[in-house]
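Just so you know, residue 1 is the first one in the sequence shown, and it goes up from there.
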Amino acid sequence: MVSLTADMSPLHPDRNLALELVRATEAAAIRSVPFIGRGKKELADGAAVDAMRAFLTTVNFDGVIVIGEGEKDNAPMLFNGEKVGTGRGPQCDIAVDPIDGTTLTAEGRNNALSVLAVADRGAMLDASSVFYMDKLVTGPAGVGVVDIRLPIAENINRLAKALGKPVEELVVSVLNRPRHAKLIDEIREAGAGTRLMSDGDVAGGINAARHNARTDMCVGVGGSPEGIVTACAIKALGGHIQGRLWPRDDDEHQRGVDAGLKLDDHVYEADELVKGDNTIFVATGVTSGELVKGVRREGDYVYTESVVLRGASGTLRRISSEHLTSKWL
């Protein structure tokens with residue numbers, strides 16, 4: 001018999017909350033539309049932040065922003081520690097990224113998302129004092145098989161064997177950054193292919209963990225907030241995620257130590273990034289990508305596509321919505 005305790009308790013996020021959160025990511029995605037391809041990422045992000053926050057204030061939960069906009073973009077709203085929601089209902093940790101891929105949005109390129117993640121109060125690691133994290137993400141086949149401490153070539157060979165496919169058919173996603181030049185060379189020397197991402201760290205990790213996705217692994221250094229958000233989604237996908245904090249200098253290293261973070265090659269496993277499986281991850285496409293379609297306008301309607309992933313049930317649901325333009329634009 002399946003227990004309903006987690007869903008019925010007023011102390012935990014439940015399945016009904018997920019639909020309320022979709023409204024917030026849809027709003028953020030729709031409000032960013034006028035700025036797609038306009039080269040002004042700050043304006044796009046600002047519009048998305050305003051819209052997401054407005055909707056979050058109406059949601060029946062007692063939310064605290066653990067991972068917010070302020071640390072990354074010096075935003076005046078949705079900052080770390082801000083309380084959101086009506087104050088009634090489940091007590092939650094909240095991670096927000098109104099646009100994951102502001103540069104993608106500004107340049108009109110694929111894979112920009114509006115993202116929210118929710119977990120029980122106290123479940124999310126607050127890694128805000130160290131901006132970057134080295135990550136390794138795979139689907140379920142990588143659980144107990146790959147390890148971020150191993151050379152990338154060994155992980156590629158191990159995952160290929162677990163998947164039952166030749167190494168040359170493996171595709172590894174990596175952010176296209178100068179810091180990854182050596183890593184990219186090593187992936188290719190091992191015989192695997194690469195998919196270089198200009199941005200979109202969260203989408204890259206989720207796509208690597210999805211069933212029948214076109215990538216098999218996502219590796220490299222990206223934002224630590226994005227690592228926590230991705231971990232919430234991986235809980236629902238049954239995949240593998242590990243992270244090591246990557247301070248940029250001695251000062252940042254010391255800030256991490258002072259905040260109680262584990263550094264010096266400590267590997268954060270999934271349950272250290274987000275405790276337990278009672279997680280909800282919501283994303284709406286801003287621009288189209290492998291995970292979801294982007295916002296599009298046709299006549300009197302605006303169309304959005306979203307995904308909702310629940311760790312407790314291990315489900316991924318797609319939500320396609322039609323919105324009257326007269327209510328939005």
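- Side-chain contact between M217 and I187 is absent, with no heavy-atom pair separated by less than 4.5 Å.
- For D264, the side chain to side chain donor-acceptor pair (under 3.5 Å) partners are H253, not counting sequence neighbours.
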Discussion item. As a quick check of understanding, evaluate side-chain contact (heavy atoms from CB on, under 4.5 Å) for L113 and V292, giving each step before the final call.
Written reply: CA-CA 8 Å; L113 301 172; V292 284; 3.5 Å; yes

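- A donor-acceptor contact closer than 3.5 angstrom is absent between the side chains of T287 and R109.
- Here D45 does not pair with K40 in a salt bridge; the nearest charged N to carboxylate O distance is not below 4.0 Å.
- Remark: the backbone N or O of A208 is not paired with any side-chain donor or acceptor of R214 at under 3.5 angstrom.
- Using a 4.0 Å cut-off between a side-chain N of Lys or Arg and a carboxylate O of Asp or Glu, E272 and K262 qualify as a salt bridge.
- Side-chain contact, Q254 with D258: a donor N or O sits under 3.5 Å from an acceptor N or O.
- V202 and L175 are assigned to two separate hydrophobic clusters, defined by single-linkage of ILVMFWY side chains at heavy-atom distances under 4.5 Å.
- Shown here for I206 and F281, the closest heavy-atom pair between the two residues is CD1-CZ, 3.2 Å.
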Exercise. Where do N60 and T86 land on the side-chain hydrogen bond (donor to acceptor under 3.5 Å, both in side chains) test, with the steps shown first?
Worked result: CA-CA 5 Å; N60 284 325; T86 63; 3.0 Å; yes

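- With sequence neighbours excluded, the residues forming a side chain to side chain donor-acceptor pair (under 3.5 Å) with E290 are R195, listed by chain and number.
- When only modelled atom types and interatomic distance are considered, S198 and N176 share no side-chain donor-acceptor pair under 3.5 Å.
- Looking at N110 and L104, their side chains never come closer than 4.5 Å, going by heavy atoms from C-beta outward.
- Pairing each heavy atom of V274 with each of A119, the nearest pair is CG1-CB, 4.0 Å.
- Salt bridge status for E26 with R23: absent, with no side-chain N to carboxylate O gap under 4.0 Å.
- No side-chain donor-acceptor contact under 3.5 Å links T284 and E305.
- Contact between V221 and Y132 at its shortest, heavy atoms only, is CG1-CB, 3.8 Å.
- For the pair D147 and R158, the salt-bridge criterion is not met [side-chain N within less than 4.0 Å of a carboxylate O].
- Annotation for N80 and D126: closest pair ND2-OD1, 4.3 Å, computed over non-hydrogen atoms.
- The cationic atom of R296 (NZ for Lys, CZ for Arg) lies less than 6.0 Å from the six-membered ring centre of Y303 and within 45° of the ring axis.
- The two atoms that bring A209 and L237 nearest to each other are CB-CD1, 3.9 Å, heavy atoms only.
- The nearest pair of heavy atoms linking S224 to L245 is CB-CD2, 4.1 Å.
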Practice prompt. Take L170 and L163 through the side-chain contact (heavy atoms from CB on, under 4.5 Å) test and state the conclusion after the steps.
Written response: CA-CA 9 Å; L170 239 67; L163 290 169; 4.0 Å; yes

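- Residue T230 forms a side chain to side chain contact (heavy atoms under 4.5 Å, CB included) with just one option from D100, I241, V115, and that option is I241.
- Defined by atom type and a distance below 3.5 Å, a donor-acceptor pair is missing between the side-chain atoms of T25 and S114.
- If you chain together ILVMFWY residues whose side-chain heavy atoms come under 4.5 Å of each other, V64 ends up in a group of its own.
- Taking the six-membered ring where tryptophan is involved, the planes of Y268 and H266 are perpendicular, since the angle between them exceeds 60° and thus also 30°.
- The pair R149-D265 does not meet the salt-bridge criterion, since no charged nitrogen lies less than 4.0 angstrom from a carboxylate oxygen.
- Salt bridge absent: E226 and K135 never bring a charged side-chain N and a carboxylate O closer than 4.0 Å.
- If you take CZ on F35 and CD1 on I99, they are separated by 9.0 Å, rounding to the nearest 0.5 Å.
- Two different hydrophobic clusters hold V282 and L316 under the rule that ILVMFWY side chains link at heavy-atom gaps under 4.5 Å.
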Worked verdict on T194 versus R188 for side-chain hydrogen bond (donor to acceptor under 3.5 Å, both in side chains): CA-CA 7 Å; T194 55; R188 292 169 176 169; 3.0 Å; yes

Discussion item. Please determine whether side-chain contact (heavy atoms from CB on, under 4.5 Å) holds for the pair V172 and V219, giving the CA-CA distance in whole Å, both sets of side-chain angles, and the decisive distance to 0.1 Å.
Written reply: CA-CA 7 Å; V172 182; V219 297; 3.6 Å; yes

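- Using a cut-off of 4.0 Å between Lys/Arg side-chain N and Asp/Glu carboxylate O, R248 and E252 are scored as salt-bridged.
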